[in-house]
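Below you'll find the structure, written out as structure tokens, and then a few comments.
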Amino acid sequence: MLKLSIYRDSSMAKPTSNSLKKSSGTSGGLPKLVPTTAESAHKTATFNKLYRSVMIKHFGDINQAGKRMELMFAKPEVKTPSGLKASAVSTRAFKGSSFKAILPKLYTSPFEIIFCPDTKQSMYCQILFGLIQRNEVIMIGSIFASTVVRSIKFLENNWKELCSNIKTGQISEWITDSGYRNAASLILKPNPELVDLIEDVCSCKSWEGIIRKLWPKTKYIGTVCTGAMLQYTAELEFYCGGLPLVSGFYACSEGAIGINLEPLCKPSDVSYTFLPNMVYYEFLSIKEDCDTDSQNQVQLNAMSHHEDTGPVDLVNVKLGQCYEVLVTSSMGLYRYKVRDIIKVTGFHNNTPQFQFVGRQNVALGVDMERTSEADILKAVAEAKALLDPLGLILTEYTSYGDTSSTPGHYVIFWEIKPKEGNNNNNNGKELDPKVMEECCSKMEDSLHFTYRMYRKENMIAALEIRVVKQGTFESLLDYFVSKGASLSQYKTPICIKSKEALNILDSRVIAKFFSPRTPTQDN
């Protein structure tokens, strides 16, 4: 029987303001609606204090040192059929009275810019305000690494227009939101010296270290770089010029779950420490233990539970074992499956620490095999290293299982760009077919035993990489945002399930490559 101390005060378990939290829905399904209570709000405040204390220990009190350039995008509230209000978790945080009070002092973006429904106008103005206040910026970030990378790409495409606005002291005519224009009028003044500096930096052939050059007082990049966000770390490291990439915490719509007590460690080495007072944790053991490869990346060969064991408590988890997380909370959730798979990596005192492995319901399969999110992440990491000699970088990817023919095969969509310069040519540098075919083979060699066995027996056809035009994943983002996803919470799906999203990708393919051989059996 569960001992739920979280229900000691029944008044704290009542919903607040008749509202619901809404997940992004991009991890693998429709958005989830989670009730909010007075106690959940109190726990969030407690978590924020704990997180701030960890950051002060490593970086000092940045609240006294300058401003944060955090990219924040709020979605409008929606109403359920019963009349309850529902909004993204990030939107709820941005609308809080305490956040509004500290926003002008601690952040570069004014309130009006965060809440405009036009994400392009919002991104433009947030970067504009960040450039104007460049000497005050001591931290840059967003919830996910993908948003930070996307902002640099946006700057890459629009820096000349931004300079024009700063030079004249007038914002572009296509910025039509009245709140934006009013906010800009208070801060945007002609500044030709700043324009000269930005032009000198942005017109360089290479954008390596661009973040540090434009915002020289920045201490770190604060954004989630673990799990599916690992794919963005190479590009982000290229842009940030040696600044630490800090994955500070692990949270989901169901609650704040873990905190990173060593924020200066590499993204691939991050372990989060469970917060026992946030929710009541239980864990379902995964049948196959997690393996860790030479690059310390976690992989799963199977995603099924032990049939002969029930949930285990937080104090009974075992080092090295993988689990699916269950939560019981004051928000009305009882043994709720978060669908996240974690691996226990150690202990802080007696509190377990963990790495995020992947999503339980995100997997590729074209026959009887199942390939997990972690398997895909590992295979892509192995293959993309072959692009380095070509001066190319993999910026984003996703996948799907093509069963339109027999046997079916895996399709991996890659968006690639040159490392050097800000070339916006859709094709970038010429792709070497032999190298790209070797990327396909490298991915197959890196996948699990069952996949490789099925390939040898011709039960699965050769893996295919489809290279798409630059900007394709921007269009994919626009699609999901148009369907209600919050840009602040958006994560590029590792596996595509939407036919509409697949059509967006297929319509922008510029090259296709297949693995020329069956994968090796030893791995």
- Is the backbone N or O of E208 less than 3.5 Å from a side-chain atom of S206, with the two atoms forming a donor-acceptor pair by type? yes
- Query: Is there a donor-acceptor pair closer than 3.5 Å between any side-chain N or O of E415 and the backbone N or O of L394?
  - Reply: no
- Query: Are L431 and L392 close enough that some pair of their side-chain heavy atoms sits under 4.5 Å apart?
  - Reply: yes
- Query: With a cut-off of 6.0 Å (strictly less than), are more than 12 heavy atoms of other residues, nucleotides or ligands near NZ of K213?
  - Reply: yes
- Task: Using modelled atom types only, decide if a donor and an acceptor are shared between the side chain of T472 and the backbone of V468 within a distance under 3.5 Å.
- Result: no
- Item | Test log, rule salt bridge (charged side-chain N to carboxylate O under 4.0 Å, His left out), inputs R508 and E474 | CA-CA 12 Å; R508 291 163 172 79; E474 288 285 333; over 6 Å; no
- Between Q470 and T395, does a side chain to side chain contact (heavy atoms under 4.5 Å, CB included) hold up when you go through it step by step? CA-CA 9 Å; Q470 289 185 36; T395 58; over 6 Å; no
- Task: Kindly say whether G141 contributes a backbone atom to a donor-acceptor pair with the side chain of T223 at under 3.5 angstrom?
- Result: no
- If you measure only the distance, is there a donor-acceptor pair under 3.5 Å linking the side chains of Y51 and N260? no
- Query: So Y250 and F356, would you call those rings parallel, tilted or perpendicular, with 30° and 60° as cut-offs?
  - Reply: tilted
- Heavy-atom closest pair (C440 atom, F513 atom, distance to 0.1 Å) is SG-O, 3.4 Å
- Under 6.0 Å from the NZ atom of K442, do we count more than 12 heavy atoms belonging to anything else shown? no
- Kindly indicate, with the supporting measurements, whether the criterion side-chain hydrogen bond (donor to acceptor under 3.5 Å, both in side chains) is fulfilled by Q133 and T108. CA-CA 7 Å; Q133 301 170 83; T108 58; 4.8 Å; no
- Message: Does R52 form a side chain to side chain contact (heavy atoms under 4.5 Å, CB included) with N63? I'd like the steps, not just the answer.
- Response: CA-CA 10 Å; R52 183 166 179 258; N63 288 353; 3.0 Å; yes
- Residues R134 and L214: closest non-hydrogen pair is NE-O, 2.7 Å
- side chain to side chain contact (heavy atoms under 4.5 Å, CB included) between M229 and S146, intermediate numbers included: CA-CA 7 Å; M229 293 297 114; S146 56; 3.8 Å; yes
- Whether D269 side chain and C265 backbone form a donor-acceptor pair below 3.5 Å: no
- Please step through side-chain hydrogen bond (donor to acceptor under 3.5 Å, both in side chains) for the pair S372 and D375, ending with a clear verdict. CA-CA 5 Å; S372 72; D375 291 323; 3.0 Å; yes
- Donor-acceptor side-chain pairing of D118 and Y180 below 3.5 angstrom: no
- Item | Side-chain donor or acceptor of K217 paired with backbone N/O of N135 under 3.5 Å | yes
- Message: Using a 3.5 Å distance criterion without hydrogens, assess whether the side chain of S122 forms a donor-acceptor pair with backbone atoms of I113.
- Response: yes
- Query: With distance as the sole criterion, is a donor-acceptor pair present between the side chains of Y410 and T371 under 3.5 Å?
  - Reply: yes
- Item | Closest contact, heavy atoms only, L387 versus I393 | CD1-C, 4.5 Å
- Salt bridge check: are D478 and K120 linked by an N-O gap of less than 4.0 Å? no
- Message: Looking at F413, is its backbone amide N or carbonyl O close enough to the side chain of R466 to form a donor-acceptor pair, meaning the two atoms are under 3.5 Å apart?
- Response: no
- Answer yes or no: is there a donor N or O on one side and an acceptor on the other, between the side chain of T398 and the main chain of I494, under 3.5 Å? yes
- State, to 0.1 Å, how close A256 and A251 come at their nearest heavy-atom pair, and which atoms those are. CA-CB, 4.0 Å
- E396/R150 salt bridge by N-O under 4.0 Å criterion: yes
- Task: Might you point out which heavy atoms bring M69 and I127 nearest each other, and give the distance in Å?
- Result: CE-CA, 4.1 Å
- Using the benzene-type ring in the case of Trp, are the ring centres of F249 and Y272 under 6.0 Å apart? no
- Task: Scan side-chain atoms only and decide if E500 and S498 contain a donor-acceptor pair under the 3.5 Å cut-off.
- Result: yes
- Query: How many angstroms lie between atom CG of N191 and atom OG1 of T168, to the nearest 0.5 angstrom?
  - Reply: 11.5 Å
- How far apart are the C-alpha atoms of K219 and M139, what are their side-chain angles, what is the distance that settles it, and do they pass the side chain to side chain contact (heavy atoms under 4.5 Å, CB included) test? CA-CA 6 Å; K219 293 185 176 183; M139 175 269 190; over 6 Å; no
- Checking side-chain hydrogen bond (donor to acceptor under 3.5 Å, both in side chains) for the pair T492/Y232: CA distance, chi angles, key distance, verdict? CA-CA 11 Å; T492 301; Y232 300 100; 2.9 Å; yes
- Query: Side-chain contact, heavy-atom cut-off 4.5 Å: F514 with M436?
  - Reply: no
- Compare every heavy atom of F238 with every heavy atom of W207, then report the nearest pair and how far apart it is. C-CE2, 3.8 Å
